[in-house]
Amino acid sequence: GSNLVANAYGLPGRVVVVGNEPLLEAGMGADGQPFLLLYGQPGVQYVIESNADVANATGWQAVCTVAPVALAHRVECGAWPGQTIFYRAKKE
């Protein structure tokens, strides 16, 4: 089936296609605080992982588990340590 999504996130004219794999986007809120936005299939469990060095394939560690209720879901986990850190999402 297909789901329609209003322009709740992003700018007019922007399209995000959600397939089998999730998309994780970093953004900056109006309050100046960074956030993560998960585009994924509603009801599917995703693990959010972080790594300070993407060259270290074994450095990924789980931060939290998220089950979005909509195609776009603001993720309320993760830390912003003041250093470069990378995040990824994958199906649990």
- Sequence neighbours left out, what passes side chain to side chain donor-acceptor pair (under 3.5 Å) with Asn20? Give chain and number order. none
- Any pair with a residue in residues 28-48 that passes salt bridge (Lys or Arg N to Asp or Glu O under 4.0 Å), sequence neighbours left out, goes on the list, sorted by first then second residue, please. none
- Task: Any chance you could measure Ile48, atom CD1, to Leu36, atom CG, to the nearest 0.5 Å?
- Result: 7.0 Å
- Task: Applying salt bridge (charged side-chain N to carboxylate O under 4.0 Å, His left out), name anything that partners Lys91, two or more places apart in sequence or on another chain.
- Result: none
- If we only count heavy atoms from C-beta on, is the Tyr87 to Val63 side-chain gap below 4.5 Å? yes
- Message: For Pro68, give me all partners under side-chain contact (heavy atoms from CB on, under 4.5 Å), at least two apart in sequence or on another chain.
- Response: Leu38, Tyr46, Val66, His73
- Hydrophobic cluster (4.5 angstrom, side-chain heavy atoms) - remaining members for Phe86: Val54, Trp60
- Sequence neighbours excluded, every pair satisfying salt bridge (Lys or Arg N to Asp or Glu O under 4.0 Å) that has a member inside residues 17-28: Arg14-Glu25
- For Pro22 and Ala89, work out which heavy atoms get closest and say how close. CG-O, 3.5 Å
- Counterpart residues, side chain to side chain donor-acceptor pair (under 3.5 Å), relative to Glu92 (two or more places apart): Gln45
- Message: Please tell me whether Leu23 and Val47 are part of a single hydrophobic cluster in this structure, the criterion being side-chain heavy atoms less than 4.5 Å apart.
- Response: no
- Which is it for Glu49 and Lys90 under the side chain to side chain contact (heavy atoms under 4.5 Å, CB included) test, yes or no, and what are the steps along the way? CA-CA 8 Å; Glu49 297 178 329; Lys90 64 181 189 176; 3.2 Å; yes
- What closest approach, in Å, do Gly59 and Asn51 show between heavy atoms, and which atom pair accounts for it? C-ND2, 3.5 Å
- Query: Under the salt bridge (Lys or Arg N to Asp or Glu O under 4.0 Å) rule, what pairs show up with a residue in residues 52-71, not counting sequence neighbours?
  - Reply: none
- Closest non-hydrogen atoms of Arg74 and Phe35, given as atom of the first, atom of the second and distance, are NH2-CB, 3.4 Å
